[in-house]
2 protein chains.
Amino acid sequence: MLTERQRAILQAVVELYIRSAEPVGSRTIARLSGMRLSPATIRNEMADLEEMGYLEQPHTSAGRVPSHKGYRYYVDHLLLTESVNAEWVKALKARFHQRYAEIDETLRQTASLLSELTHYAVVALGPEVFTTRLVKLEFVPLGDGRAVAVLVTDSGHVEHKLVELPPQLSSEELRNLVEMVNAELKGTPVAALTQKIFQLLARVMESNREVYLRVQRFFEDLLAPSGETKLIVDGTREMLSLPEFRDVDRVRELLRLFEEGEPLFRVLRGAADGVRVHIGLEQDLGLDSPVSLVTTTVAFGSDLRTTIGIIGPTRMDYAKTVGLLSALSDIFDTWGEPGR
Amino acid sequence: MLTERQRAILQAVVELYIRSAEPVGSRTIARLSGMRLSPATIRNEMADLEEMGYLEQPHTSAGRVPSHKGYRYYVDHLLLTESVNAEWVKALKARFHQRYAEIDETLRQTASLLSELTHYAVVALGPEVFTTRLVKLEFVPLGDGRAVAVLVTDSGHVEHKLVELPPQLSSEELRNLVEMVNAELKGTPVAALTQKIFQLLARVMESNREVYLRVQRFFEDLLAPSGETKLIVDGTREMLSLPEFRDVDRVRELLRLFEEGEPLFRVLRGAADGVRVHIGLEQDLGLDSPVSLVTTTVAFGSDLRTTIGIIGPTRMDYAKTVGLLSALSDIFDTWGEPGR
DNA sequence: GTTAGCACTCTCTATATCCGAGTGCTAACA
DNA sequence: TGTTAGCACTCGGATATAGAGAGTGCTAAC
């Protein structure tokens, strides 16, 4: 259990370190924090805090730096979430008021704005479309045995794919089939589509087993999630001005992380609902540089959900970041209700 | 006019500098190049080459480095284009044999492969769709006054956009309109589409001036090139291992360039047909780091054209890069003929 | 419990020094 | 006349050294 004074000192260390990126000494705290205490006293407390694992010393005779445990305590008990600038909230909301935009695009723009506001990098899971529903499936023949298949969902999302038509299937038959799919499966959640189509096919085509198999394969290909969920990344550039990334090797690592995506996927997928602070992800992400991630998992209306994360140095400005993502969550929540 | 020996020396300087990134001294050339000459003789020649502007000295008592003029001469007169690894050609061709893929995707994959092969960054202009033709225009109503407009071209390209339906237009009327567009304008080049639609509208709706204007505005919006041509970028990461980018500031510049796009657009758009070598683009691109660009402008069949460029340090491996892009051009050319 | 004082530690910066690679020039050589 | 050996000179980069500054822990006094 920490005393009131220890908490105050821990808070001061964290906040000063966040601002300066330099180890914080007892002098500095004595001067800048309101406490009427001498450096010596603060030194004693800091020694205790270190022993308890909240602070670390890069080397003897340097100031202190928060440990992961220290950050954790700070975030969980000492953080006063900043109420977000009204200006910013307005800017965020603006992203949603242009209803023309596709969800993907909205998300991309949000990411871009967030990185601009925080000066950190932003990652977002492309929205999962599991629960969106089919509005229309269409084939547009191109004339040389190929066609474009276009699939429109009720969220306004469009998937399209160039397909080779199975030669066994006359264009007449295909047209009938598609008409039937549209008539009978409109409103079906996209996730269940493949299965439903198979059932439909089985019913219609039981006569001709061989063609059935071909056509089944064909739809299977068509509906296979085209390139698994995308990762949206923005603001890589912002990270480069941080002292943590003064070294090009660090930058290279970071770019690799963003290009590769896999480790980020894992972390984002694993993030619990609401705004969460993940401190010290360097191991999980395979980086040498100390980074933290603040995530929020939000729902777009009742159909879609996505996770947005802000990646910064471990000494990132948690107050601002958490505040911003909370505000964003609220906007998402209230936005889902009226229309979509 | 350069003597045979001077050309040999210039070539040696360029090639050694490309390999080592270090200024090249007379000793090195005497040792490594086949010429049976002493360093002293080579020094004399190098002094002459410097006076003629082909070489530069970073400082007295360093070796020589090629000037832009030197590179130019090398590329224009001394370059033996490497015949490309059969393996690579195969890999490139493979990108085109999956006819399912959309052009955009093909291009993206090609860029990715090129950057992997060269270890430089690759930029490509999203293909210009000016000459592709309309195959089908479709509106899929979503039910709350919005609809998805889907436009399919004969190259298999799909554009889609969420639109708000003009309330003055009944869905009945819209359906008729779209049907008419499809019936009458199928095969129209996309570039001419807006104008054609206006003519059609004018003919059909002359009775109701006010609605006409609304609907015109609506189509205008719809067909406005959605977000000007895209820039495809890949392989930024590769650049980071080059000594030219050991400094983070340089990296930051580079990332900004790729994010911003505008200067790159200008250069790529301005590139003449065929394989071209642009030496020393640092001014044009607003960089401090010395970079060159090798471009090729290729046609996809008769309909589309695009420019692909490889950006590397000015001391990039021109032989390899030019060879690779030549091979790519050939593949594009022969590929355009059969099907599409 | 708090604080002043002090010796000590360690990093960082600036300065001096040295080494090596490379040059230009001169004079000798074929 | 072109080529080469020799040599003094230059300059950047690496290495060593000293000193400043910031911060600590500990002791002893308040």
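The analysis underlying the following values was restricted to heavy atoms, covering all of them including side chains, and did not include hydrogens, waters or symmetry mates. Quick note on labels: first sequence line is chain A, next is B, and so on, each numbered from 1. Just so it is clear, the structure is predicted and the values come from calculations on it, not from any experiment.
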Give the rounded distance in Å between these two atoms: [atom1] of [X] and [atom2] of [N].
X: A:L49; N: D:dG25; atom1: CG; atom2: P; value: 12 Å
X: A:I9; N: C:dG1; atom1: CD1; atom2: C1'; value: 14 Å
X: A:H59; N: C:dC8; atom1: NE2; atom2: P; value: 18 Å
X: A:L55; N: D:dT24; atom1: CG; atom2: C1'; value: 14 Å
X: B:I42; N: C:dG24; atom1: CD1; atom2: P; value: 13 Å
X: B:R36; N: D:dA5; atom1: CZ; atom2: P; value: 13 Å
X: A:E51; N: D:dT24; atom1: CD; atom2: C1'; value: 15 Å
X: A:N44; N: C:dG5; atom1: CG; atom2: C1'; value: 14 Å

Carboxylate-amine/guanidinium contact B:R237 A:E259, below 4.0 Å: yes
d(B:Q6 CD, B:D48 CG) to nearest 0.5 Å is 6.0 Å
Please report the interatomic distance OH(B:Y120) to CD(B:E238), rounded to the nearest 0.5 Å. 10.5 Å
Any N or O donor-acceptor pair under 3.5 Å from the base of C:dG22 to the side chain of B:R31? no
Any donor-acceptor N/O pair under 3.5 Å between D:dT10 base and B:T60 side chain: no
Of the listed nucleotides C:dC10, D:dC26, C:dG22, the one nearest the side chain of B:T28: C:dG22
Is any side-chain nitrogen or oxygen of [X] closer than 4.0 Å to OP1 or OP2 of [N]?
X: A:R27; N: C:dT3; result: no
X: B:S38; N: D:dT3; result: no
X: A:R64; N: D:dT24; result: yes

Is A:E51 atom CD crowded by more than 12 heavy atoms from other residues, nucleotides or ligands, each under 6.0 Å away? no
Pick from A:L328, A:T295, A:L125, A:T297: which one makes a side chain to side chain contact (heavy atoms under 4.5 Å, CB included) with A:I308? A:L328
Remember a base hit wins even if backbone is also touched, and classify B:T41 as base, sugar-phosphate or nothing at under 4.0 Å, heavy atoms. base
